[in-house]
Amino acid sequence: MSRESVPLSVIWCLHAARRRLAPATNAASLTPYPEPKKGQLANALFGHAEQSCGQAHFIRPAASLPGYGQDVELRQLEAFVAVATELHFGRAAERLHIAAPTLSELIRRLERELGTPLFTRTTRQVALTSAGAELLTRSKAILDEAAAAQAAVRRVAGGEAGTVRLGITPPAAPVLAPHLINLFTAEAPQVTVDLQRMWLPNLLDAVAADAIDVALTCGPVLEPAGIATEVFCAEPLVVGLRPGHRLASRDTIALAELAHEVLGIAPEALFPAWALAQRQALDTAGIAPPVIELADTDLAAIRWADQRDVDWILLIPSLAAAHTRTVIRPVAPRQLVPFSLQWNPGRAHTMAVARFVHCALAAELPPGWYTQPDHLYHTEPDQNPVGPPPQPQRH
């Protein structure tokens with residue numbers, strides 16, 4: 001809807017009551033689904049969200065003001081303010097880049113619709129009537145309010161403002177989530193990221209139910225119908241040992257060497273995502289060691305060694321950083337614990353969400369992290385189990 005066709009009655013109410021605009025947007029998918037090709041997914045986000053936002057009608061026609069013959073339009077008010085400011089029809093027409101007869105007709109229509117003269121005109125002078133002086137003050141406020149509303153709508157439609165509801169499981173909290181939020185905040189400082197920490201089952205349900213916009217968790221997770229899932233980054237798996245353990249002097253450790261020793265595993269009731277990731281790592285290594293659930297209720301299991309019947313634990317570097325009495329060794333051959341991004345394309349219809357997803361899938365990763373196939377700049381990791389991990393290369 002063009003600004004010129006917006007009735008004064010709507011804008012007047014907006015100015016008087018300071019109502020928030022409530023865009024009646026049409027939900028449109030951010031991505032083609034299911035199974036978009038790598039690289040097409042994030043690049044398609046902006047186009048679909050722009051189409052969704054572009055279909056919204058942010059200001060709708062309303063009934064005429066009591067006593068008016070017709071609705072008063074913003075275009076008429078702009079013409080009136082220009083003439084009232086210049087007190088000259090010719091200069092006002094030039095200012096508005098319209099023909100003088102068109103300007104005169106706009107003013108005549110406005111006066112007819114309001115039922116009163118707004119100007120006194122002589123061959124030498126144009127002056128405001130008392131009614132015109134009253135309307136001038138109000139018209140400026142109305143036009144300023146309309147311009148502010150239009151600017152706000154454009155910021156939201158362009159992903160420059162709004163809110164992204166981000167749900168994370170605990171393993172993403174120490175490093176990955178803060179890293180992605182910081183990158184996104186630098187890119188879109190007026191968008192609010194509403195961070196919510198959740199257990200894995202609740203997180204997956206929240207995405208499907210539109211309780212959150214984006215989910216971030218570790219490990220391969222279920223991919224419900226209609227939910228986009230991208231495995232975009234990973235952190236290497238490491239082993240935690242007591243300083244006196246027989247393998248503590250090794251530079252790297254093969255999980256098969258620990259296959260018959262007791263592994264302390266995260267309590268599934270407290271940390272279902274991390275417990276799932278640990279089980280997946282053991283399956284990948286092809287071992288089934290005896291396991292005991294850790295009594296430690298801390299995700300990083302800093303006090304695991306106090307549990308004397310536990311011989312070793314599994315960690316990732318972002319969880320191992322807090323350990324001071326644990327010997328941390330890389331797993332050989334290297335195993336990576338993947339992290340997944342999920343969202344509901346059928347419900348996520350704002351450009352702010354699209355920008356966040358694109359930012360995450362294209363992000364420079366923290367030191368020691370690896371890109372995965374769904375990252376937009378994925379590179380295959382060096383198979384050398386030690387040494388620095390590769391950083392993503394821009395193409």
Quick check on the hydrophobic clustering: are [X] and [Y] connected, directly or via other members, by side-chain heavy-atom contacts under 4.5 Å?
X      : Y      : answer
Ile181 : Leu183 : no
Leu136 : Leu114 : yes
Leu180 : Tyr377 : yes
Val231 : Leu336 : no
Leu270 : Leu263 : yes

Got [X] and [Y] here, is their nearest side-chain heavy-atom distance under 4.5 Å?
X      : Y      : answer
Glu235 : Tyr370 : no
Leu241 : Leu247 : yes
Thr85  : Arg95  : yes
Leu299 : Leu319 : yes
Trp312 : Ile253 : no
Thr192 : Val164 : no
Ser318 : Trp369 : yes
Gln307 : Ile292 : yes

- Hey, mind stepping through Trp343 and Phe356 against ring-ring contact (aromatic ring centres under 6.0 Å, His included) and telling me if it holds? CA-CA 11 Å; Trp343 70 98; Phe356 182 87; 10.0 Å; no

- Message: Around atom CZ of Arg121, are there more than 12 heavy atoms from other residues, nucleotides or ligands closer than 6.0 Å?
- Response: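 Yes, enclosed.
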
Distance check, rounded to the nearest 0.5 Å: [X] atom [atom1] versus [Y] atom [atom2]?
X      : Y      : atom1 : atom2 : answer
Phe339 : Leu365 : CZ    : CG    : 11.0 Å
Ile313 : Ile302 : CD1   : CD1   : 9.5 Å
Leu103 : Arg75  : CG    : CZ    : 9.5 Å
Leu203 : Gln196 : CG    : CD    : 9.5 Å
Leu341 : Ile168 : CG    : CD1   : 12.0 Å
Leu200 : Cys218 : CG    : SG    : 8.0 Å

Using a strict threshold of under 4.0 Å (side-chain N to carboxylate O), is an ion pair present between [Y] and [X]?
X      : Y      : result
Arg246 : Glu257 : no
Arg165 : Asp194 : no
Arg108 : Glu105 : yes

Check whether any side-chain N or O of [X] sits under 3.5 Å from a backbone N or O of [Y] as a donor-acceptor pair, and report yes or no.
X      : Y      : value
His323 : Ala300 : yes
Gln278 : Ala266 : yes
Thr229 : Gln342 : no

For [X] and [Y], test the side chains for any donor-to-acceptor distance below 3.5 angstrom and give the result as yes or no.
X      : Y      : result
Trp304 : Thr326 : yes
Ser340 : Glu230 : no
Glu113 : Gln76  : yes
Glu261 : His245 : yes

- Message: Once you measure the plane-to-plane angle for Phe89 and Phe119, does it fall in the parallel (<30°), tilted (30-60°) or perpendicular (>60°) bin?
- Response: perpendicular

- Message: Checking Leu237 against Thr284 for the side-chain contact (heavy atoms from CB on, under 4.5 Å) test, could you report, in this order, the C-alpha distance in whole Å, the side-chain angles of both residues, the deciding distance, and whether it holds?
- Response: CA-CA 12 Å; Leu237 189 69; Thr284 299; over 6 Å; no

- Provide the closest heavy-atom pair for Asp298 versus Arg303 in the form atom of the first, atom of the second, distance.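 Closest approach of Asp298 to Arg303: CB-NH2, 4.2 Å.
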
